[in-house]
Amino acid sequence: RGHGEISVKDIDQVAKSSFPLCMRNLLEKLREDHHLKHGGRMQLGLFLKGVGLNLDDALAFWRYEFSQKVGLERFEKEYAYSIRHNYGQEGKRTDYTAYSCQKIISSTPGVGDHHGCPYRHFSEENLRAALTRMGMNGRAMEDVMNKVRNRHYQLACTLTFEAIHGVPNDAGINHPTQYFSDSQKILQP
Ligand code: SF4
């Protein structure tokens, strides 16, 4: 694949190597439930667009999952429009951009929602379990939990990035797409 692009068949692999926890979580829930509520569709959809998934691949990606839950016809009728809309192909044709960490951290996910920032919105138990699945443990895990207790969620995410990649991230994480591109720079220089 070219630089600055991901295709629908790459998503699971690049998610494992380069997605921040907020996006891994949404992808995991989507794969499990074949559905995400509006807030999750927006947060993940605009992120995927931001890391280079084109409109056709985005439609294929969401269609594959949602049609297993709501059927193909309902997908095309109720959901395809908003995906095209996110890509500026409907309505006012605004080219929407991915949400920043600040916006995601200050969101207020309700029951059944999976958007938001796990460092901010998960229980300690769920956060520890999710971080363990990312390969975190020991001292690095405790350092992350300390930042979370002090409400430094982006620093917690930065420490996670550093532990997983084994290199410092001096700028700090302030945008999910930046987490992705910083990771790809290390993994695919
Ligand atoms: Fe996502 Fe930002 Fe939270 Fe990291 S700090 S999990 S990139 S919202």
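Atoms within each ligand, like the ligands themselves, are counted from 1 in listed order.
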Worksheet item: Relative to each other, are the rings of Phe161 and His165 parallel, tilted or perpendicular (30° and 60° limits)?
Response: parallel
Worksheet item: Charged N to carboxylate O below 4.0 Å: is that the case for Lys29 and Glu65?
Response: no
Worksheet item: Between Arg31 and Asp12, is there a side-chain N and carboxylate O pair less than 4.0 Å apart?
Response: yes
Worksheet, complete the sentence: Atoms of type N, O or S from the protein that sit nearer than 2.8 Å to atom 1 (Fe) of ligand 1 number exactly 1
Item to complete: Return yes when atom CZ of Arg149 has more than 12 non-hydrogen atoms of other residues, nucleotides or ligands closer than 6.0 Å, and no otherwise.
Response: yes
Fill in: Ion pair check, Lys147 and Asp143, cut-off under 4.0 Å
no
Worksheet item: Can Tyr179 and Ser18 be counted as having a side-chain donor-acceptor contact under 3.5 angstrom?
Response: no
